[in-house]
Amino acid sequence: GAGLRGPQYTPGVQIHVVALLCVRNGHILVCRKKGTTKWMQPGGKPLPEESLENALRRELHEELGTAAGPLTWIGTFRCAPANEVGAELLADVFFGDLEGNPIAQAEIEEVAWAPIDALTSRDYAPLIMEHMLPYLGYQPRVANCSLTGRVEQWMPTIASPKLRLI
């Protein structure tokens, strides 16, 4: 089998994706592509003629073998991508749930429900750590972890309004 690929160096490239934020019982739906180590949100790159929502629905069907229920666009987020060093990720994220149980297929190696309060930047994509956790009302217990080398732990903020959506 193929070994794990290291991060690809792609300076100055902007990568546009659509992604799903799906949360059940304090766990976020994540997946890992074949040959990579970072967990990320399901989704992918829209085709030129597709709407963002239709692109996400297509990607979920191709990669997880199931349809999504109602989707709500929550924003466009910029950060580093999980696997392409030097590039910039532009992610349009939708909040929603799946109609069935996700099964890894196509380029997806694994699918998991990860406990939100145990995520670390060592294992999870920047989009999750820098944008989705704050959106859900979580804040890092350890600040400036990239400077100190320490691993973040996340805790819910008091009375987070976003968690009432779930």
Closest non-hydrogen atom pair between [X] and [Y], with its separation:
X: A82; Y: P126; answer: CA-CD, 4.0 Å
X: A87; Y: P81; answer: O-CD, 3.2 Å
X: L89; Y: A80; answer: CB-C, 4.1 Å

### Task
Starting from the C-alpha separation in whole Å, work towards a yes-or-no answer on side chain to side chain contact (heavy atoms under 4.5 Å, CB included) for M40 and N83.
CA-CA 10 Å; M40 61 185 68; N83 299 303; 3.4 Å; yes
Output side-chain donor-acceptor pairs under 3.5 Å for residues 107-116, partner residues at least two apart or in another chain, one line each.
residue: E110; atom: OE2; partner: R32; partner atom: NE; Å: 3.1
residue: E110; atom: OE2; partner: R32; partner atom: NH2; Å: 2.7

Close side-chain approach of [X] and [Y], heavy atoms under 4.5 Å:
X: D123; Y: T37; value: no
X: V23; Y: L29; value: no
X: K38; Y: R122; value: no
X: L20; Y: L64; value: no
X: P42; Y: E59; value: no
X: L52; Y: P46; value: yes

### Test side chain to side chain contact (heavy atoms under 4.5 Å, CB included) applied to I128 and L21, step by step
CA-CA 9 Å; I128 295 173; L21 175 59; over 6 Å; no
### Query
Are W39 and I15 linked, directly or through other ILVMFWY residues, by side chains that come within less than 4.5 angstrom of each other?
yes
### Task
Report yes or no: do L56 and V17 belong to one cluster of Ile/Leu/Val/Met/Phe/Trp/Tyr joined by side chain heavy-atom distances under 4.5 Å?
no
### Query
What pairs of residues pass the side chain to side chain donor-acceptor pair (under 3.5 Å) test when at least one of them lies in residues 61-82, not counting sequence neighbours?
R58-E62, W73-D92, T76-D92, R78-E88
## Note on the structure
Across all chains, not counting sequence neighbours, the salt bridge (Lys or Arg N to Asp or Glu O under 4.0 Å) partners of E53 are R57
### Message
Which Ile, Leu, Val, Met, Phe, Trp or Tyr residues join L47 in one cluster when any pair of side-chain heavy atoms under 4.5 Å counts as a link?
### Response
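Traced through the cluster, L47 reaches no other member.
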Which donor-acceptor pairs under 3.5 Å do the side chains of residues 94-103 make with protein atoms, sequence neighbours left out?
residue: D97; atom: OD1; partner: R24; partner atom: NE; Å: 3.0
residue: D97; atom: OD1; partner: R24; partner atom: NH2; Å: 2.9
residue: D97; atom: OD2; partner: R24; partner atom: NE; Å: 3.4

### Query
When the ring planes of F77 and H131 are compared, do they come out parallel, tilted or perpendicular, using 30° and 60° as the limits?
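Tilted, since the angle between the ring planes falls between 30° and 60°.
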### Residues that A19 engages under side chain to side chain contact (heavy atoms under 4.5 Å, CB included), provided they are two or more places apart
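Side chain to side chain contact (heavy atoms under 4.5 Å, CB included) list for A19, sorted by chain: Q41, V93, L127.
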